[in-house]
Structures are given as C-alpha cells and as structure tokens.
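The next block holds one structure in the form of structure tokens; read it before the comments.
All figures in this text were calculated on a predicted structure; none of them were measured in a lab.
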Amino acid sequence: MRRIHRIHRTRRDWAADLGLLLFAACFAVASSDSIPVEEGLDPLSRTVDQLVGGLGCATVLLRRRWPVALAVALLLAGGEVSHYLTGPAMVAVFTVAATRPWRATAWVAAVAFVPLPGFLWQLPEVSGERRGSALTYFALIAGAIGWGLFRRSRQQLIASLRARAELAEADAELRAERARREAREEIAREMHDVLGHRLTLLSVHAGALEFHTNAPREEIGKAAGVIRESARLALRDLREVIGVLRAGPGQGDRPQPELADVARLVAEARAAGGRIELTGPPDGPVPPPVVGRTAYRIVQEALTNARKHAPGAAVAVRVAGAPADRLTVEVHNAPSPGAVSGPDGGEGGGQGLIGLAERARLAGGELNAGPDGGGFRVRAWLPWPAADPVSATDRG
C-alpha cells in the first residue's frame, strides 16, 4: 500500500497559502467584468462557470503537494471549463517556478504558451476585447513564472550565503581552537623550561638532606641555602610567567634568555653540586634572539634531564658556531650508578625533549637525542645567518 507523505505546514506557510487563496479569489472577482463571455450563455451556465472558478481558487491550498499537476490542470481548464481560473493558474505556475527544478518549470511554461502561436496566427480575426483579454492572460502567466524564478534564485542565494556563513563560523571556531591549543602548548612548554631547572635543584638537595642526616653542619647549611635560593628563583620565574599570561597583548613581556646566559645557567648548576664542563659560547658576534633563546633552552633541559636521570654524573656542554654557518649545541652526560635509561625512562616521558625538538624545528634547525656510550647525548644545530654589517656597527 502506497504511503501518503504528509506535508507539515508552519504558521507562516498557512499564512502564505491563505494569502494566495485570497489573492486568487479577489483577482477573479475584480476581473469578472472584463472577462469576455460567449453571447447567449444562460444564467445557470454562468453560475456553474463561477462555481468552478471558486473551486479553482480553493485548489490553491494543494499547491505544495501537487504543484506541477495543479498548474497543468488549471492551465488546461482555463478558457475551456471556466473563465475564472486565471488567478489560481498564476498562483500555480508561480509555485512551480519557485519550488521545482528548471525542467518542470519549462514543461509547465510550454503547456501555458502552446496556444500562443495559434492565437497570434488568428489575431486579425479576433475581436478587440477578446484580443486584449488573451494578451493580458499570457502576460500575467509570464509575469508569474518570472516572479517565481526570481524568488527561487533569491532563496538559493540566501541559502548559499547562509551555508557560507556557517562554514566561515565553523572555520573560525576551528582556528580559534587551534590558536587556544597552540597557546596552551606554548604555556606548558614555557612553564616546563622555566620551572623544571629550579625544581630539579630543589629535589636533588632535598633528597640529599633526607638521606644524609649525619652530614656535617656546613654541608647541611650549604644545601639548605641552595634550596632556599632555588625556591626563591622558582617563585620569581613563576610570577613572571603568570604575569605574562595575565597581561594583555604587548604588555608584561618577560626578558628572554640569550646565548650569553648559558654561562650563568651552568654556574648555577655547578653551585648546586653538579660536575659540569662548559666549552663556549663563542665570543664576538651574537646570534639572532630566537637562535640564542633556543640554544639556552636546549642546554637548560639537557642539564635538567641529566640531574634527574643521571644524578652525580659528569656533564660536558659545548656551544660552538659562527655567523653564516650554524650554531651547534651539544650536551653529553657520562653514565651514573643511579641512572635510568634516558629521559624516556623517568617521569615526564621525554616530553621536554619533544618540546625542544619542536623549538629547534621552528627555529630552522634540528635536534637529536639518545643514548651514547652508556650515557646520554643531546645534539642540536641551529641556523646562524651572516651578520648584517650595519647592525654590527650599530651594536659596536
């Protein structure tokens, strides 16, 4: 059994349908005096003609379910069955043109204008009143089709603009989410780089105090001083990072480390009891800020990992390079009795080295890290473009 599809009409749809029904009825009433009726038509036939016209107006309510069939039926019945179907026919062809594909609109237009060539052929023999009425009929049908086509084109344009706006909104949300994710990753990387170095110093010396309770008073005081100083510096760095996060764009930018700060970083690690040998950085020209900052972070993270995974092991740091060549950063720690198998074996899962590799890649360089001779080696190279003579003179 064939299932009948029910059409759901909203209040707006009902208002439109009733408005078009009223238009068709008013058009029939207003044009009744100008419709040419055959002479000798008895009152009963004229009444039937008007009733058929009224039923034709009522069929406008079916325009959403069977628009093409309704338009064809009204076009064929107009002039043959009833003289009052011009209004409903206009509504029907308008509906087809506004809601149905081009092919259906073309077929309905062909049905509407098939009688036109024959009428034009017999035009000299047609009376003036009938001639004007027929030409007006064809003009009204053509106007209804044209208005329907305009309405459909406008609806398609609005739908296209709405879809484009929704797509743009979704794209903007994706870009915003990507920006938020990148900002979170940058914040996490910065927090890791800034605080990891200080907190490992705290952990090492706190552990020493815990397991060496019988150490000389002088060593205990020295370790306590390192813990206090590291805690103070960690809190300072934390306040600076949080200040940057709270500040607006272009405000509160904290001073970024440079290549020359590597020596200070190594000195802090030595003061905490680390056995570190530093070669470099090279004297003379200064690399670009992004290169120097990346090199500093690489050394900082490598020393932090050495302290966590190879406590007490000797560490060799080498920084070398020249303009128009490359800057090489290498950190190698010897094996330690208490060492674990590299950064991946300890807490953190090597996320620091992953972040450093990403930093090096963004700076145009490359970073490699892995076990080497029982210890662990981090080696990176960063591009160092040739110095600008004008800029070098200004700095001098």
Side-chain angles (χ1 to χ4, degrees), residues 2-36 48-119 132-164:
R2 186 176 179 180
R3 185 177 179 180
I4 298 178
H5 177 68
R6 297 180 62 85
I7 295 180
H8 176 71
R9 286 188 175 95
T10 63
R11 291 184 178 181
R12 184 175 180 179
D13 294 337
W14 277 111
D17 292 344
L18 293 177
L20 290 175
L21 171 62
L22 183 62
F23 162 79
C26 292
F27 184 88
V29 172
S31 61
S32 59
D33 294 337
S34 59
I35 295 177
V48 172
D49 192 6
Q50 294 174 349
L51 290 176
V52 171
L55 291 176
C57 294
T59 59
V60 168
L61 296 177
L62 304 176
R63 70 187 188 95
R64 297 182 185 274
R65 186 181 295 276
W66 302 295
V68 176
L70 179 63
V72 171
L74 290 175
L75 289 172
L76 294 178
E80 298 294 335
V81 178
S82 175
H83 300 84
Y84 298 94
L85 295 179
T86 302
M90 290 169 57
V91 173
V93 298
F94 164 80
T95 303
V96 172
T99 61
R100 288 298 178 265
W102 291 96
R103 180 175 297 181
T105 304
W107 278 109
V108 170
V111 172
F113 293 102
V114 159
L116 182 59
F119 171 76
S133 177
L135 292 176
T136 302
Y137 168 80
F138 287 118
L140 291 174
I141 295 297
I145 294 176
W147 182 251
L149 293 175
F150 169 77
R151 179 179 175 81
R152 182 172 64 177
S153 299
R154 184 173 178 273
Q155 289 176 338
Q156 291 175 345
L157 176 61
I158 293 175
S160 175
L161 293 176
R162 183 180 293 110
R164 191 176 304 175

When every non-hydrogen atom of I145 is compared with those of A109, the smallest separation belongs to CD1-CB, 3.9 Å
Closest contact, heavy atoms only, A98 versus Q155
O-OE1, 3.8 Å
Residues passing the side chain to side chain contact (heavy atoms under 4.5 Å, CB included) test with W14, sequence neighbours excluded, are R9
Taking every non-hydrogen atom, the tightest pair across V68 and A104
CG2-CB, 4.2 Å
Before giving the answer on side chain to side chain contact (heavy atoms under 4.5 Å, CB included), spell out for L61 and L18 the whole-Å C-alpha distance, their side-chain angles and the decisive distance to 0.1 Å.
CA-CA 8 Å; L61 296 177; L18 293 177; 4.3 Å; yes
Side chain to side chain contact (heavy atoms under 4.5 Å, CB included) involving A92 - partner list, sequence neighbours excluded:
L70, A71, L74
Gap separating the CZ atom of F94 from the CD1 atom of I141, nearest 0.5 angstrom
13.0 Å
With F150, which residues qualify under ring-ring contact (aromatic ring centres under 6.0 Å, His included), at least two apart?
W147
Please name the pair of heavy atoms, one in F23 and one in G87, separated by the smallest distance, quoted to 0.1 Å.
CE2-O, 4.5 Å
Output for pair (R152 CZ, L157 CG), nearest 0.5 Å, gives 14.0 Å
Can you check whether Q156's main-chain N or O pairs, donor with acceptor, with S160's side chain at less than 3.5 Å?
no
Here the gap from L20 atom CG to C57 atom SG, rounded to the nearest 0.5 Å, amounts to 11.5 Å
With R162, which residues qualify under side chain to side chain contact (heavy atoms under 4.5 Å, CB included), at least two apart?
I158, E166
How close do A112 and L75 get, heavy atom to heavy atom, and via which atoms?
CB-CD1, 3.7 Å
Scan residues 93-114 for pairs that pass side-chain hydrogen bond (donor to acceptor under 3.5 Å, both in side chains), counting only residues two or more places apart or in two chains.
R63-T95
